[in-house]
> 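This is the structure I have questions about; it appears just below.
The shown structure was predicted, so the numbers you read here are calculated from the model rather than taken from an experiment. So that the names make sense, note that chain A is the first sequence line, chain B the second, and so on, each numbered from 1.
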Amino acid sequence: MNDPRSASTLALFKDAALHVRNSALDDWKAAGKKVIGHVCSHVPEEIVTAAGMMPFRLRGIEISSTAVGDTYFGPFVCSCPKAILQSAGEGKLDFLDGAVMVQACDSMRRLDECWRKASVEDGARMPHFFHYFGVPHKVTDYSVQWFAEEIERFAKALSAHFSVEITDDAIRRAVALHNETRALLVRLEALRFRDDPPLSGSQSMSIILAGTAMPKEVYNPLLSALLDDLEASPGIGHNGKKRIVLAGSVLDDLALIEAIEHEGALVSADTVCFGARAYQGEVDSSENPYKTLARHYLNEQFCPRMFGYTQARFDLILKKFEDSGADGIVFQNIRFCDLHGSENGLFEKRLEKGGIPAMRVEREYGALADEGRVRMRIGAFLETIRKS
Amino acid sequence: MITAGCDIGSLTSKAVVMKGNRLLGISIVRSRTRPAETAEKVLAEALAAAGIERSELSRCVGTGYGRENIPFVDEVHSEIVCHGKGARWLVPTANTVIDIGGQDCKAMRLDKDGNVVKFLANDKCAAGTGRFLEVMAKVLGVDVSELGRFSEHAKKPVVLASTCTVWAQADVIQYINSGETLDDIGAGINNAMAGRVATLANAVRIEREICMTGGVAKNTGVVRALEKLVGTRIVIPRKADPQLAGAIGAALLAQG
């Protein structure tokens, strides 16, 4: 990198990727502005931005135990919503002015009722604006229409609770801002596809993660300047490394990517929630904004919660594999994730039949707890790949 | 070219010294807290058994959970790859390898050159690992090496309702209290272990012949039960102790 500001931007992004709070978020709050947390990539963040607030993707990081989460969820359930509830129980999400719950999957849907219950019994502060947002599982004319109405209901609820006006023009401006973020992240992805990228897979993921925790108004110009510099920078010695596509469920844990890269590989692309899923496609702003948002957020998310898109998800993984010149695919999912767990198994078999090396890893959400086991398997998988 | 392979496992550590295709010396020791100390000890013993000085070694490869903490190795490889290589050396006809170590259990399918093409490892808990047998043996008050023979004399093996080590332990205590024989309980433990491992082996798509490595390969009760479940004979290495597969594979990889 040539621009001295790039190192500090990368440090800021990494800080935002590793911690619940970051300086840009704190500045936003200090200016008296609101932050609305949400739990799913199907939430149209543009509505929050149009209300003059900051959308914030909730994560369960930096928790000290799982006591609160275990109490309300029980043991045999995905540890991601449990960790988010734990974070609320430990007061780490007290800065939120609102939270949006989604039936992303059964486990995440339960966060709504568990958080409500924990707020009464365990002091897990529930934001005053606590909104349940429905997302259809199918894409049809009537489900897009229903979803457009649901997005409008969300906008009205936000508007009424905080006494702010959300105009169609404000939504269009928000769409333009978020489309700009998507376009920047596509530029980042192009850098990752280079034979010798100027940054590691872990650095790329920290940049993407930071975008979920910072105001886009601050994030976009920083990322744009960083990309200008990186695009003019040479590679940092990734030539000849085995390249891996990371696929599967929610992943906001840099440690897993670092574990793969520690074994001598490069994570050159991904299709995970929190990763590439955030910038698929662009929102069209030519017609009714609720309708265009509904169409985008139902069509472009590539989560197995959506029925009828299995082939599209498989094709996307293959496309990332080819575009990034990858040598293998690692499918990961949180334990007890039925959606990704079953789909990962199907995809792994199909890829193996086609001669593409693939491996599945089940893990707990959060900082890589069983690192030894994961690294042993990743290491063995990489050794079985013949570099093309 | 004289090479060494050093497999630092969670329960035991193994080292072998090889010259070409010949095994010159071996050692198996209990792993200590610090992998570096264990590695020094196990390699020193293998060298002594071979009558070789450390300076005569051309290369040494490390593997096992402690592989990154071995100070003297030239390179490290994952235990899955090493076990594949070692198993093919031990049983040249093996195309599927089941390895049960102290804290993990692996099934591998090999290509014609002994390279691993597909593998699976237990990833949930201690069920199906050597640790499971250790815990059960302790409850029965016998040495883990004695568990295998119980299956030979069992008349009506008990059924363990769970493969969870903790719940199975409670089951075993219940059976002891209700007067079941040690033979029947021991056979039930071996059967439970085999059931867990068979699931893993079937998932990698078994290709004959199957070779079993790792310490549990010495437990004939588990091996016989597993043969019934997978429907084919399982070959136990005779050229050397099946526990040495990883270290042998490492020594072979050191030859380049």
> Which pair of heavy atoms, one from Ala380(A) and one from Val81(B), lies closest together, and at what distance?
O-CG2, 4.2 Å
> On a heavy-atom basis, which atom in Gly379(A) and which in Ser78(B) lie closest, and how many Å separate them?
C-CB, 4.0 Å
> Hey, does His262(A) have a side-chain heavy atom less than 4.5 Å from the side chain of Glu68(B)?
yes
> May I ask you to check whether over 12 heavy atoms, not counting those of Glu113(A), lie within 6.0 Å of atom CD?
yes
> Over all heavy atoms of both residues, which pair between Phe119(B) and Arg377(A) is shortest? Give the atoms and the distance, please.
CZ-O, 3.5 Å
> Is any side-chain N of the basic residue among Glu348(A) and Lys118(B) closer than 4.0 Å to the acidic one's carboxylate O?
yes
> Looking at Lys218(B), I want to see if its NZ is surrounded by more than 12 non-hydrogen atoms of other residues, nucleotides or ligands under 6.0 Å.
yes
> Within the 4.5 Å heavy-atom criterion, are Glu383(A) and Val116(B) side-chain neighbours or not?
no
> If you draw a 6.0 Å radius around CG in Asp195(A), do more than 12 non-hydrogen atoms from other residues or ligands fall strictly inside?
no
> Heavy-atom count around Lys14(A) NZ within 6.0 Å, excluding the residue itself: above 12?
no
> Roughly how far apart are Thr384(A) OG1 and Asp111(B) CG, rounded to 0.5 Å?
10.5 Å
> Does atom NZ (Lys138(B)) have a neighbourhood of more than 12 heavy atoms from anything else shown, all under 6.0 Å?
no
